[in-house]
There are 2 protein chains.
Amino acid sequence: MEYNNVMARTPTTFDVFNAIAEPKRRELMNLLQSGARTVNAIAEMLGWRQPQVSKHLAVLHRVGLVQSEARGREHYYRLDAAGLREIHEWTATFEEYWEHQLVRIKQHAEEKARMAKRRD
Amino acid sequence: MEYNNVMARTPTTFDVFNAIAEPKRRELMNLLQSGARTVNAIAEMLGWRQPQVSKHLAVLHRVGLVQSEARGREHYYRLDAAGLREIHEWTATFEEYWEHQLVRIKQHAEEKARMAKRRD
DNA sequence: TTGACATATTCCCATAATGGAATATAATAA
DNA sequence: TTATTATATTCCATTATGGGAATATGTCAA
């Protein structure tokens with residue numbers, strides 16, 4: 001596959017960033033935090049149709065965010081969230097930006113508190 | 001806009017997760033860590049065409065990841081990365097999964113070291 | 001073997017994204 | 001005012017998405 005010149009959009013299956021850009025897949029990941037689940041179990045818990053569950057699981061599986069294990073005709077899917085580390089670390093490089101904001105909010109609050117005290 | 005039934009894909013401009021799913025936009029964010037920049041400056045530094053820079057900046061701006069300030073005909077864009085906090089925190093809820101993996105790797109290494117020592 | 005169950009895959013549709021090229025808009029300078 | 005510079009927007013072609021429905025595949029049970 002050539003995704004250099006004529007790329008319409010980074011395919012969902014290319015990397016973890018794209019895989020979790022889909023809210024439903026984040027929902028799925030969240031659900032799997034409670035343990036390995038069967039496709040049908042997931043479908044029922046989330047109220048989705050089975051093919052949709054399979055498709056979203058397939059995407060997560062391709063980028064390595066879930067693993068599956070077949071037990072008879074049932075396939076158990078479980079988290080393999082190590083791939084999220086990359087995202088966690090990338091966002092961490094921006095941490096100072098929201099901390100600056102938090103500091104500003106905190107200062108604002110303290111300022112207000114001082115003003116209130118002075119009025120006593 | 002109705003994005004309930006006939007959604008082809010979560011639009012890029014919907015949330016921060018989608019905005020940063022595009023690698024070029026992450027590159028742009030990375031660049032802006034060094035400070036506010038002009039559209040043309042960005043284009044030159046990254047080797048992109050000006051309209052592409054403007055478009056990607058527009059997406060980032062819509063989800064609030066950058067702010068812009070016009071100084072004459074030049075528009076300076078700077079990071080406003082607080083929106084990434086949401087992502088950082090979501091991935092953090094999965095931290096134990098990669099830590100488990102790290103522990104396993106570490107144990108494996110220690111095991112190997114013990115075996116090597118025993119052989120001395 | 002056959003039927004039922006669990007999951008995966010395929011086809012279709014509507015939507016939208018990206019890059020490129022061209023063009024529009026806005027601001028400055030001559 | 002007009003030319004130039006900086007940026008934004010529009011149009012196009014290509015690609016891919018996600019849901020639904022139907023169907024294929026695989027596994028077990030009778």
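Per chain, numbering begins at 1; letters A, B, ... match sequence-line order.
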Novice: Please classify the nucleic acid contact of Tyr76(A) as base, sugar-phosphate, or nothing, using heavy-atom distances under 4.0 Å.
Specialist: nothing
Novice: Identify all pairs in which a protein N or O lies below 3.5 Å from an N or O of nucleotides 11-13 of chain D, and state each distance.
Specialist:
none

Novice: Hey, does the side chain of His56(A) come within less than 4.0 Å of dG19(D)'s phosphate (OP1/OP2), counting only N and O?
Specialist: yes
Novice: NA contact type, Gln52(A), heavy-atom cut-off 4.0 Å: base, sugar-phosphate, or nothing?
Specialist: base
Novice: Taking CZ from Arg37(B) and C1' from dA6(D), how many angstroms apart are they, rounded to a whole number?
Specialist: 17 Å
Novice: Give the rounded distance in Å between these two atoms: CG of Leu46(B) and C1' of dG19(C).
Specialist: 15 Å
Novice: Rounded to the Å, how far apart are Asn40(A) CG and dC5(C) P?
Specialist: 11 Å
Novice: To the nearest angstrom, how far is Arg62(B) atom CZ from dA17(C) atom P?
Specialist: 8 Å
Novice: Salt-bridge test for Arg62(A) and Asp15(A): reply yes if a basic N is under 4.0 Å from a carboxylate O, no otherwise.
Specialist: no
Novice: Go through the N and O atoms of the side chain of Gln50(B) and the base of dA6(D), and report whether any donor-acceptor pair is under 3.5 Å.
Specialist: no
Novice: Does CD in Glu95(A) sit with more than 12 non-hydrogen atoms of other residues, nucleotides or ligands closer than 6.0 Å?
Specialist: yes
Novice: Figure out the CZ/P separation between Arg49(B) and dT18(C), and round it to whole Å.
Specialist: 17 Å
Novice: Tell me whether the side-chain N/O atoms of Thr38(B) come closer than 4.0 Å to OP1 or OP2 in dA6(D).
Specialist: no
Novice: Checking side chain to side chain contact (heavy atoms under 4.5 Å, CB included) for the pair Glu22(A)/Phe17(B): CA distance, chi angles, key distance, verdict?
Specialist: CA-CA 8 Å; Glu22(A) 166 64 52; Phe17(B) 282 91; over 6 Å; no
Novice: If I take atom CG in residue Leu57(A) and atom P in nucleotide dT9(C), what distance separates them, rounded to the nearest angstrom?
Specialist: 11 Å
Novice: Over 60° means perpendicular and under 30° means parallel, so classify the ring planes of His88(B) and Trp98(A), tilted if in between.
Specialist: tilted
Novice: Can you pull every protein N or O that's under 3.5 Å from an N or O on nucleotides 24-29 of chain D?
Specialist:
residue : atom : partner  : partner atom : Å
dT27(D) : O2   : Arg73(A) : NH1          : 3.4

Novice: Between Arg85(A) and Glu89(A) (salt bridge meaning N to carboxylate O under 4.0 Å), is one present in this structure?
Specialist: yes
Novice: By the definition side chain to side chain contact (heavy atoms under 4.5 Å, CB included), identify the one residue from Leu32(B), Leu65(B), Asn30(B), Ile87(B) that meets it with Phe94(A).
Specialist: Asn30(B)
Novice: Quick check on Glu27(B): does its CD atom have over 12 non-hydrogen neighbours (other residues, nucleotides or ligands) under 6.0 Å away?
Specialist: yes
Novice: CG/Leu84(A) to CH2/Trp90(B) distance, rounded to the nearest 0.5 angstrom?
Specialist: 5.0 Å
Novice: For dT9(D), take OP1 and OP2 only and decide whether either is under 4.0 Å from a side-chain N or O of Ser54(B).
Specialist: no
Novice: Does any pair with a residue in residues 63-79 of chain A pass side chain to side chain donor-acceptor pair (under 3.5 Å), and if so which ones, sequence neighbours excluded?
Specialist: Gln67(A)-Asp80(A)
Novice: What is the distance, rounded to the nearest whole Å, between atom CH2 of Trp48(A) and atom P of dG19(D)?
Specialist: 8 Å
Novice: Any idea which of dA8(D), dA8(C), dG18(D) is nearest the Glu22(A) side chain?
Specialist: dG18(D)
